[in-house]
Amino acid sequence: MLTRVKLICLFLSAAILLAVPPLAQATGEDFYVTLFARIMIFAIAAVSLDLILGFGGMISFGHAAYLGLGAYAVGIFSHYGITDGFLQFGVAILGSAAVALVIGAICLRTRGIYFIMITLALTQMLYFLGISLEEYGGDDGLNTDRSEFVTALDLYDDVTLYYFTFVILVVCVFIMHRLINSRFGMVIRGCRSNEDRMQAIGFPTFRYKLAAFVISGAMCGVSGALLANLTEFVTPEFMHWFRSGEIMIMVLVGGMGSLFGPAFGAAAYLLFEEWVPEIMELVVSGSGQNWQFIFGPLLVILVLFAKQGLWGLIPGGRSNDG
Amino acid sequence: MLEVRGLETAYGQSQVLFGMAFDVGPGEVVTLMGRNGMGKTTTIRSVMGLIPTRAGSIRFEDRELRGSPSHRIGQQGLGLVPEGRQIFPNLTVRENLVATAANRSGSADPWTVDRVFALFPALAERANNMGNQLSGGEQQMLAIGRALTTNPKLLILDEATEGLAPLVRAEIWTCLASLKAEGQAILVIDKSVEALTRIGDRHYIVERGRVVWQGDSRALTADEDIQHLYLGV
Amino acid sequence: MTWLLLLEQILNGVQFGVFLFLVSAGLTLVLGIMNVVNLAHGSLFMLGAYYAATVFGWTGSFLLAAVVMVPMALLSGIAIEVVALRTMYDRDHMDQVLATFGLILFFNESVRLVWGAESQPMPVPDFLAGSVEVLPGTPYPVFRVAVIAVGLLTAFALYLLITRTRVGMLIRAGASNRAMVGALGINIQLLYTLVFGLGAILAGLAGMMAGPLQSVEPGMGEDMLILAFVVIVIGGIGSIRGAMIASVVIGIVEVVGRSILPFAMTGFMGEDAAQTAGPAVSSMLIYVLMAAVLFFKPEGLFPAKTG
Amino acid sequence: AQDKEIRIGFINTFSGGASIYGKHQKDGVELALDHLGRKMAGLDVKMIYGDDQRKPDVGRQAADKMLKKDKVHVVAGITWSNILAAVQRRVIRAKKILISTNAGWSAMAGKNCSPYFFSTSWNNDQTPEAMGHLMNQLKLDNVFLISANYQAGKDMLTGFERFYKGGVAGRILYRLGQRDYQAEISQIRAVNPSALFGFVPGPMGIAFMKQYRAAGLHESIPFYSVFTIDYMTLGGHGKAAIGTYHTSYWNNSSDDPVNRKFIEDFKEKYGYHPSMFSAQAYDMPMLVDSGVRAVKGDLSDVKGMILEMEKADFKSTRGKFAYNTNHIPIQNFYRREVRADANGDPEIVTTGVVFENHKDSYYETCKMKW
Amino acid sequence: MAEPILRVEGLGKQFGGVVATDNLDFEVLPGEIHAVIGPNGAGKTTFVAQISGMIRPDAGRIFFDGRDVTQLTAPARSHAGLARSFQITSIFKGFSALQNVALAIQAHSGHSFRMWCPAGTDETLVAPAREILGRVGLGDRAEVTAASLAHGEQRQLEIAMALATRPKLLLLDEPTAGMGPEDSQQMTAFLGALKGDYSILLIEHDMDTVFALADRITVLVYGRAIATGTPEVIRANDEVRAAYLGEEKALA
Ligand SMILES: Nc1ncnc2c1ncn2[C@@H]1O[C@H](COP(=O)(O)OP(=O)(O)OP(=O)(O)O)[C@@H](O)[C@H]1O
Ligand SMILES: Nc1ncnc2c1ncn2[C@@H]1O[C@H](COP(=O)(O)OP(=O)(O)OP(=O)(O)O)[C@@H](O)[C@H]1O
Ligand SMILES: [Mg+2]
Ligand SMILES: [Mg+2]
């Protein structure tokens, strides 16, 4: 269960997220609204990945696929002038789920490195598919309009979009919380620990793993749809394998197999990307562009020494605090 | 030749060994007995440098081993047959025996693959099967053979007869006896008190990570209630 | 297209395949046998190319470049192993993926800092320039022939090392149970460091052979990396033989598919449609192949006999 | 409140594999600022550089930041069409000036054109159009076409064929990022065309040229390229490039003093020969400067600036040129070839004009609306 | 005579050249403990693996509780009432002893697509789990993570998990492997207590346990059953002595 320190961190960060828009506008820095919206969107992606990665032990190197699918669901509709949010998000979720179902059905026959590679491969296929879709701009991508749910909810207002994202993030985390502690969650974690034994005591593991895979994909689809709304633009880039890698990094940096870790990981990664170059610029001007020179080794160190990720560094409590 | 003093080991927070101490002399067969979970295996793993120890000393032929990496310890001539076999699943039986073979005791006619096959014909039949294709017992034989082909000065067996058919068990005990006859020093852990008393020179009874009784076979067989108290026989 | 051309394309496929093997050889060793998912393999490929290109640039001698590249690659490999991977062997693949992902970023930037972002000059060495006539009327670049030779040689040597030598056995043993190998008196740590170094040399070698035909630039390893993984996975992790066969199969599928698909597809769709759809499909071809193989043989074509 | 400084955001690829594009352009910009004394109509110039990592959404993020955080007056830079596509909307909606120093996305010349958008480079089709025209002049027939299988790649072929009148021996679209071209080369040899036209940019181009030469085709089938050979890639090409032809808007050999000064000072400052990318980028601050001076530093008068900038009344490395109604340059295109200089190293020499005052072919479809 | 709960007909399994199971006929009667003994490599574990559905037989059919289960998957057989313990301990190392057992119970209380209610506090799982742990003598170790249980305790956990699936037939592969005399005796007593409630197929090398528990014994050699009968009969059988027991045990 969560220790006090962790709880405090949790409430603090929630408070911060809530306070960002007013603060930003007060200080005229409303760019941070977009930045933190972006953070929360990737947090959703990371949380969804953690379900199969951290809890299910399925190392999917292709999670960017669902980010892209979700985004294209929004993009393609608005390409045809359909901006109804319920429709777009509905299709984003169902579409990602459907694709996840197919990909999962193929990949889950394999294990270990084979699984890593085949998820990667299938995602690359989607990537190239995206590039060759001339109708939807191919590699130039597609400019999109933001979704329209109800007139009250005007996503063109960045702050509204921000809180909209915030709510969805909270919902996703809560869902995840129920999920991993439920019977279903126990099965998933059991499969990670010892799948043969799971079968021996009577679990048809395949269908449970597949279900987890689909849920995770669908949730990531949502974050994709949100991303399309934020950037008002979709591109095959969303599905590039490097992107999958980044989401994995977020999960690991935050803490695999922990409920809140991945969200923190997303924040850490994106803020790093945002601020470290600036700091470097201050130190040596022109050096900002080499931020990866710092980030790479940092990542290695983190993997080496902070096995539980940042969330695990916060004192007390096992990381597996689902 | 092996001299362990005040050994303390812990897994994370939970300490398991509290001042473990025992000796093995040249050509001697010494046994560690005790109920499940008393720290026998942990002792062995500490001696082999497979887990970090907190305190104490492990001297082998007057060289301090404690703290040195396990391959050094192995090279000194300690040959381990670990609990739970731990043979190499992805090597063939023959490769399992060849890979780490050496003549550490510098003996005149060292253990070779063929001698091992002679000892365990079952293995000879499986010479080209992968390790993980062996039955539990075959794996156990392989583990013993593997330790023998390093021609150790001190052979350490942890539950070496676990899961073996009575016949094979008997074979192994006779084999150990003959090794003893050749002057091989042996440290044995086993559940069969009766067999241990037959071949062991001296015995240590381990209880909660320390030695609570030691003596020779006669003393042990004589002392019914010790056996009852600590070994539940 | 004519049969002769088709034949030539198949030859091209084989050549590309052998090159792919060269690229994945080091990875087979590190991933397949030492069981480490080393994404930084691509970076070692890149470093090899840079070392060679630099020395080649200074001295104008390709052989000298090779002579210098080998120890440099070895050192780089050892450095990576000692600093980053040494403690990773018993960790799950996830950690390895991410740590080495970090290494990719690091090396790309380092190369940029040292050599700059421009692509480095590295022409075909004169003694390997020109072409030989392999098929009637089709001259074939000597350098590509050289690539084939080097590739086959590597394959053979590696096969012997792993399957026939004690070192090979110990490497495989260590992959399954390091602690035990150590307890039996083998300095597995040192052994692994050296093996990783060997992997680095192979990667570097591939990079050096790629230099004269490609652009020596930061990040040149990434595309190669994915291909290398595909090769190993299709071939069956840990199987040299599998890697070799998979490479050639992929090479042929990739090259031949690329060259005939557009024609083939003009059959049932318009010229223009085929012109764009063809390449699109062929760019997915090897991934389709991989998915298909793993679907029917989840352990790859030649699963190493670890049961 | 009048701004005491003008803030220019410059988005480009500064990290990762393609960062070379960012470097060459940034260096061009910085040199221009030096030449301007780092002031425009008395206002200090503040440059804000943003890295797009070659990812559209990251570029978009950078633009957002410049608009909202840094409150820039001008957003400039951008190498890739897809990043321009991602960025343009936001900037234009914010009624800020957007200047592409490279990306030649056709939509910006046509249906997406906007008064706020300027290009100091060209429209994607223009350079290959010039090449098509050149091949007509050279009476080349039966030419083989090769290009990359993505949007810009297809634009290139469209542009080429818009002007090229001869027969097409065959065409290949290769995969973006492809590294091995032996298959394509075999195919080309089999067809045995009179010449090869290709759009094979950056590292792909270097690989292709090396392999093309290794196969010995460079003698029998001359290679006419666009965006493949330039001072940015020349080092990588090495001798393999010698004897090839390409078209470009930039007459690097011109004796125009502005051009000379640019090249000399650039070499002086950075120690390498500027590329066309540097030249394009060099023009950006000059263009802005013309606008700022026109409004006497009153940056709130965006419209005033734009109206002035439309006159293209500034010292460009390409000499005098005009802006078309869609703010794409109407400019000359030159034939350039790679020769061996005194000590056998490759150098690029301009050997003639292909087009005078060439218009892009989208401006009719452009409906400017403020 | 009662209808056997498990009946195996002409079962056969080869690994490459190795004949692990050779045209084997075998049956377990309701409530009986039927021990299978035999030299190492005789094919006992393989036999169990085939009954529990982990290995597909090459030939033969398996009837359980009256129906043909030859084609069923391992999970399906578990639901049919077959439970197995592993010779080489196989448990969820990261989970607590309690969670291990609770999971096994969960496997047999309906489908597990319940994604909302926490399982950890679900009394319908936890209560019986505690009860079973108590029965195998791990009551006080419930919260300990399985990895840090001693070998012997892990063996007990194995059994606990098997029991938790409420089986009709227990397949026990060397339950006392690696246990000290005391624990073995406890385990023996415990298995004795199960007699009647469960039918048990017991694989064991510890003859004291076997002779103490078994109603019938089948001796497996090279995958073939060379003898089946009551302990007395088996003791007396020369072939068995030669192949397996050796002298002193038999006389004992
Ligand atoms: N990996 C581990 N982590 C934590 N505790 C452990 C671990 N391994 C063993 N222990 C604990 O250490 C104590 C001693 O274990 P050990 O295996 O040494 O006993 P043992 O005498 O060998 O028992 P057995 O006769 O069953 O082999 C046990 O109480 C066990 O719970
Ligand atoms: N996967 C496999 N591949 C090849 N051979 C195998 C495989 N599994 C088992 N064998 C062989 O089948 C035979 C029977 O093995 P099994 O494990 O059933 O024996 P066992 O009776 O359980 O022996 P023990 O009492 O030692 O556990 C052995 O000779 C073993 O080598
Ligand atoms: Mg033990
Ligand atoms: Mg067995």
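First the proteins, then the strands, lettered A, B, ... as listed; each starts at 1. All heavy atoms count here, side chains included; hydrogens, waters and symmetry mates do not.
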Measuring heavy-atom distances to chain D, does C:Y140 have an atom under 4.5 Å in its side chain, in its backbone, in both, or in neither?
-> side chain
Is chain D contacted by the side chain of C:N108, its backbone, both, or neither, given a heavy-atom distance below 4.5 Å?
-> neither
Most contacts with chain D, counted as non-hydrogen pairs under 4.5 angstrom, among C:R112, C:Q120, C:E8 | C:R112
Which atoms of D:R189 approach chain C - backbone, side chain, both or neither, heavy atom under 4.5 Å = side chain
Given that the side chain runs from C-beta out, which part of D:K239 has a heavy atom under 4.5 Å from chain C: side chain, backbone, both or neither?
-> neither
Find out whether C:E118 and C:E217 are in side-chain contact, i.e. whether some heavy atom of one side chain is under 4.5 Å from a heavy atom of the other.
-> no
Any salt bridge between C:E254 and C:R258, counting N to O under 4.0 Å?
-> yes
Checking C:F143 against chain D: side chain, backbone, both or neither under 4.5 Å from a heavy atom?
-> neither
Considering only heavy atoms and a distance below 4.5 Å, find which of C:V255, C:L105, C:D223 pairs most often with chain D.
-> C:D223
Contact origin within D:F14 toward chain C - heavy atom pairs under 4.5 Å | backbone
Tell me, side chain or backbone of D:Y21 under 4.5 Å from chain C's heavy atoms, or both, or neither?
-> neither
Derivation and outcome, ring pair (Phe, Tyr, Trp, His ring centres under 6.0 Å), residues D:Y181 and D:F208 | CA-CA 6 Å; D:Y181 295 90; D:F208 179 80; 5.4 Å; yes
Proximity breakdown for D:S19 and chain C, heavy-atom pairs closer than 4.5 Å = both
Between C:M209 and C:L22, is a side chain to side chain contact (heavy atoms under 4.5 Å, CB included) present by the stated rule, with each step listed?
-> CA-CA 9 Å; C:M209 295 310 283; C:L22 197 53; 3.9 Å; yes
Do the ring centers of D:H273 and D:Y231 come within less than 6.0 Å of each other?
-> yes
Counting heavy-atom pairs under 4.5 Å with chain D, the top scorer among C:G219, C:P121, C:P218 is C:P121
Would you say the ring centroid of D:F199 lies under 6.0 angstrom from that of D:F160?
-> no
Answer with side chain, backbone, both or neither: which region of D:H237 has an atom nearer than 4.5 Å to a non-hydrogen atom of chain C?
-> neither
Pick from D:I348, D:V338, D:T228: which one makes a side-chain contact (heavy atoms from CB on, under 4.5 Å) with D:T244?
-> D:V338
C:E109, C:M220, C:Q214: which one forms the most heavy-atom pairs within less than 4.5 Å of chain D?
-> C:Q214
Flag the one option from C:P139, C:G116, C:A53, C:P123 with the top tally of heavy-atom pairs under 4.5 Å to chain D.
-> C:P139
Chain C heavy atoms under 4.5 Å from D:R175: which part of the residue, side chain, backbone, both or neither?
-> side chain
For D:A214, is it the side chain, the backbone, both or neither that has a heavy atom under 4.5 Å from a heavy atom of chain C?
-> both
Using the ring of each side chain (for Trp, its six-membered ring), is D:Y282 parallel, tilted or perpendicular to D:F262, with breaks at 30° and 60°?
-> tilted
Does any heavy atom of chain C fall under 4.5 Å from the side chain of D:D180, the backbone, both, or neither of them?
-> both
So, do D:F197 and D:L157 sit near enough that their side-chain heavy atoms are less than 4.5 Å apart?
-> yes
Do D:Q280 and D:T101 have a side chain donor and acceptor closer than 3.5 Å?
-> no
Short N-O contact, D:R339 and D:E347, less than 4.0 angstrom | no
Using a cut-off of under 4.5 Å on heavy-atom pairs, state which of D:M232, D:Q178, D:K23 scores highest against chain C.
-> D:Q178
With D:K26 as the cation and D:Y49 as the aromatic partner, state whether NZ or CZ is under 6.0 Å from the six-membered ring centre and within 45° of the axis.
-> yes
Segment of C:M224 engaging chain D (4.5 angstrom heavy-atom cut-off) = side chain
